[in-house]
Structure formats: structure tokens, C-alpha cells
Amino acid sequence: MLPTRVGTQRICLIILNQPLNKDYLHILWRKALLRACADGAANHLYSSTAGDRDSFLPDYISGDFDSITAEVKAFYGDKGCKLIETADQDLTDFTKCLVIMVGEIQRRQLQVDAIVTLGGLAGRFDQTMASVETLHHALSMTPLPLLILQGSSLVHLLRPGSHRLEVNTGLEGSWCSLIPVGGACQTTTTGLKWNLSNQVLQFGKLVSTSNTYEPVGPGHPRKPVTVTTDQPLIWSMGICEDGQ
Amino acid sequence: MEEELTPLDCLLPSALLRACADGAANHLYSSTAGDRDSFLPDYISGDFDSITAEVKAFYGDKGCKLIETADQDLTDFTKCLVIMVGEIQRRQLQVDAIVTLGGLAGRFDQTMASVETLHHALSMTPLPLLILQGSSLVHLLRPGSHRLEVNTGLEGSWCSLIPVGGACQTTTTGLKWNLSNQVLQFGKLVSTSNTYEPVGPGHPRKPVTVTTDQPLIWSMGICEDGQ
């Protein structure tokens, strides 16, 4: 199903060290105002863009450089991409890349609607959880929404307060979820098939997975999803896969 | 009193009961082509919206129990576990752990649903529940003290303590970066990409001990071939 709207968001793009979905890469790259790779992500970018590498030169590559190959590092360095070595500390490559991105957005005074991250949700379980931790840190680093996409999943951390999520791009998959990763969240929703009415989401008690959108009549657009929460709460949704 | 566990003991040979949750039977069927009779599960449970008719008929004809658990608020995993716990009790089996293959990859919400099942399991059975997929193992530690033996030779290099569900006051030994009565909590401190305390060459690793006041996820790497 083809998207029915033109995207209006201005985004910045961070690529993490995971196999790259070429479709996402091309769409996100084209519209991004700033593009960065976290360490070994540059290896994936390099191999995914063979034949057209000059069209996919990141503004910077950051990290401790223990994953990027010498060949890839030299290639992007020679092309003028900034190589920013961030020494091994308590922060992950993702968090450090985000710190630089936020600083760069401010320095250049860019008008940005969201920071989008490709990768970070597959592979080692602890690294997936580290990505979720970066989402939590981001709340105090920038007011901009931070989204993580990989495979057919999108993950986003909702701040305490009320949110309205528009889910009518035509790119939404069928599932969605609210996941209280950091602790109990008093939650109220509308627009879901199974809504919450001032209920507590908490691991061991109630976690909303495999939820979906409120059914609407044929030809009618989906209602927006609204979520009110008193603590940071993960919103995760499916991305439509080709042909669906 | 300390709970003792060797997480990767389960990868050293043998299981007493074997079950598939719904579409898992499809994967079992294709993975065991040529030797399917050696891999017949005791039962297949679920709402049967994923298992193919061919696979369902194959295992049904071979005498595997097909237990349809109608669509409710519980996932296929949780429902399969309920049956497993009941079967262990019914047969009065002496079991040390329930091991789950799969559940950590694919849709993010389904990975989180697997973690939720680990939480529910705490009140369903005293047995440790372990989830393995790819090179990751995930296990939920109950409040209290734990000793984890990590010398099977199958351990990968990384390990982690992840406070999914809320803050955990935590103390550890045996890790490279130990915690000393510190609070693990998303947004404050999460222990990922940790590793084991270094020991001299030829010396076995020390056990990892963890004391926590709330359920706390232990996740570790499984050695990959040749490493």
C-alpha cells in the first residue's frame, strides 16, 4: 500500500552498528539535515552504498573506533567526513553520537522536528536495552523526539504528560504497544483497540503488547492515538512491510 | 539463603519435556527435515493461528498432544508455560530449569512480552526460566541473593543487569564493573556491556553473585562457534 501523504518532518539521522535496511536508509538519508554514523555503522553504510558511496557521506562518524575498519575509516576521512573519537567511558556509542548531534543542531541553529535512529533493536539483548536507556537519557538532553527504527519495529519514549500520535501515514503495521520499561506508569489512552483508563502499566502486572488501532469504517482514516502517562513510557509500533 | 544457578548448563545435553508454542512447530518441522521422528514434542499449544495445517496434521498423526488455548490476554508463551508447569507437577518430575528457545528477536513488543512472561513465571513456578536466542540468554532474578556459575566454557564475553520494571537496589561480585548497593534504574544506571572479573590464565572464573531487592534481568552472551 503506497503512503498517502507527503512527509513534512525535518529530521536528523543517526545510524547504528547493525545491518541496514536499504529502503529506510534511502528515504531517511534524502530528507535528513544531518547524518551521522556511530562507529561500526560506517562499515554497514560503506557496504550498503557500494556503487554510489559519494551520495551517502555522513557529516560525522563518532565512537571509540573499535568497530570501524581501517579501510572504511580512511575512505570517509578522505572524503571530508568528520571523524570524532569519543574515548571509552560509561556512555555507549549511541549516546555519545546523540550528544554530538544535539550540539551540532544547536550550533547550526537548525529547525528539526525529530532525530531518527536506524538500528539498535536487534542483536545482543543488552545492546537493545542500552538503546532504550539512551532514549531515557535523551529526555534530559534535548526536547526533540528520538525515534529508533529497525526491521519492522519503531520504538519511542513518551515523556510524562499527554501525547497525540498520528497513525495515518499508510506506513503503519497492524500492531502497537505501550511498555513500562523503567517502572510503573499510570496510563490513559484513546484510539487503541484495547484502551487504558487510568490504569497502571507495570512489568509483572500489566504490559500492553500486541495491541492494535481502534477499528474504523472502510475508507475512514484512523483516529489519532492519545496517551497520557505520569512516567516515561515506551510506545512501540509496527512498520508496514512491503506489499502489506 | 542464596539461589544457585549455572545459566548455560542447559546447553550441555538433555530435556525431560519438550513443547512448541503454536508456530514454533513450523520451525521445528523445517529444521528437523530428514530426522523428524527424533524431534517430536510432547505437546503443541496455542491459538493455532500460526501453525500450518500440514505441520499440525504431521505432529497430530505422530501422537503429539495438540492443546488449543483460546485467545485471551495471555501470550502463547505464557500459556505454554502454564501447561508445562502443570505437566511437571502431574508427572512429578525433578526439574532444575525451564529453557525457552526464541522470544528475543523480531517485533520489539513481542520481545518485551517475553520479558513480561518471565515476570509472571515468578508467581507460577519456583523453577528458573531461561530464554535463549541467537547469542543472548535472558533470565529474571527474584528478589534475594543469587550465585551464577559461569564456567561451562559456553559463556560469551558480555553480561548485563537490566532493571526492566523498576528500580533495583543491587550488589554484585565477580563482574568487571561491580555494583555496591547501587540503584539500577532506566534513566539513571543500567549495567550493559559488562563482563566477568578477570582471572589469571588457567584459573576458572569466579561465580557472579547478585543481590537485588526487586526482580532484575540477568542477560549474558553465549559463546559463538569457534570462539
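Every chain is numbered from 1 and lettered A, B, ... according to where its sequence line falls, protein lines coming before strand lines. Every value quoted in this text rests on a predicted model; they were computed, and no experiment measured them.
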In terms of heavy-atom proximity below 4.5 Å to chain B, should [X] be classed as side chain, backbone, both, or neither?
X: A/Ala130; value: both
X: A/Thr128; value: side chain
X: A/Leu206; value: backbone
X: A/Val207; value: both

Shortest non-hydrogen contact from A/Phe125 toward B/Trp158: N-CH2, 4.2 Å
Of all heavy-atom pairs linking A/Glu133 and B/Lys188, the shortest is OE2-N, 3.8 Å
Keeping B/Asp109 on the side-chain end and A/Ser210 on the backbone end, is there a donor-acceptor pair under 3.5 Å? yes
Is the number of heavy atoms from other residues, nucleotides or ligands within 6.0 Å of CG (B/Asp96) greater than 12?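 No, the 6.0 Å shell around CG holds no more than 12 heavy atoms from other groups.
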Evaluate whether atom NE2 of A/His26 has more than 12 neighbouring non-hydrogen atoms of other residues, nucleotides or ligands under 6.0 angstrom away.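 Yes - once you tally the heavy atoms of other residues, nucleotides and ligands closer than 6.0 Å, there are more than 12.
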For chain B, find which of A/Pro232, A/Ser236, A/Cys176 contributes the most heavy-atom pairs closer than 4.5 angstrom.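 Ranked by contacts with chain B, first place is A/Ser236.
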Is there a side-chain contact between A/Phe203 and B/Met112 (heavy atoms, below 4.5 Å)? yes
Taking side chain as everything from C-beta outward and backbone as N, CA, C, O, which of these in B/Ser136 sits under 4.5 Å from a heavy atom of chain A? Side chain, backbone, both or neither.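 Only the side chain of B/Ser136 comes within 4.5 Å of chain A.
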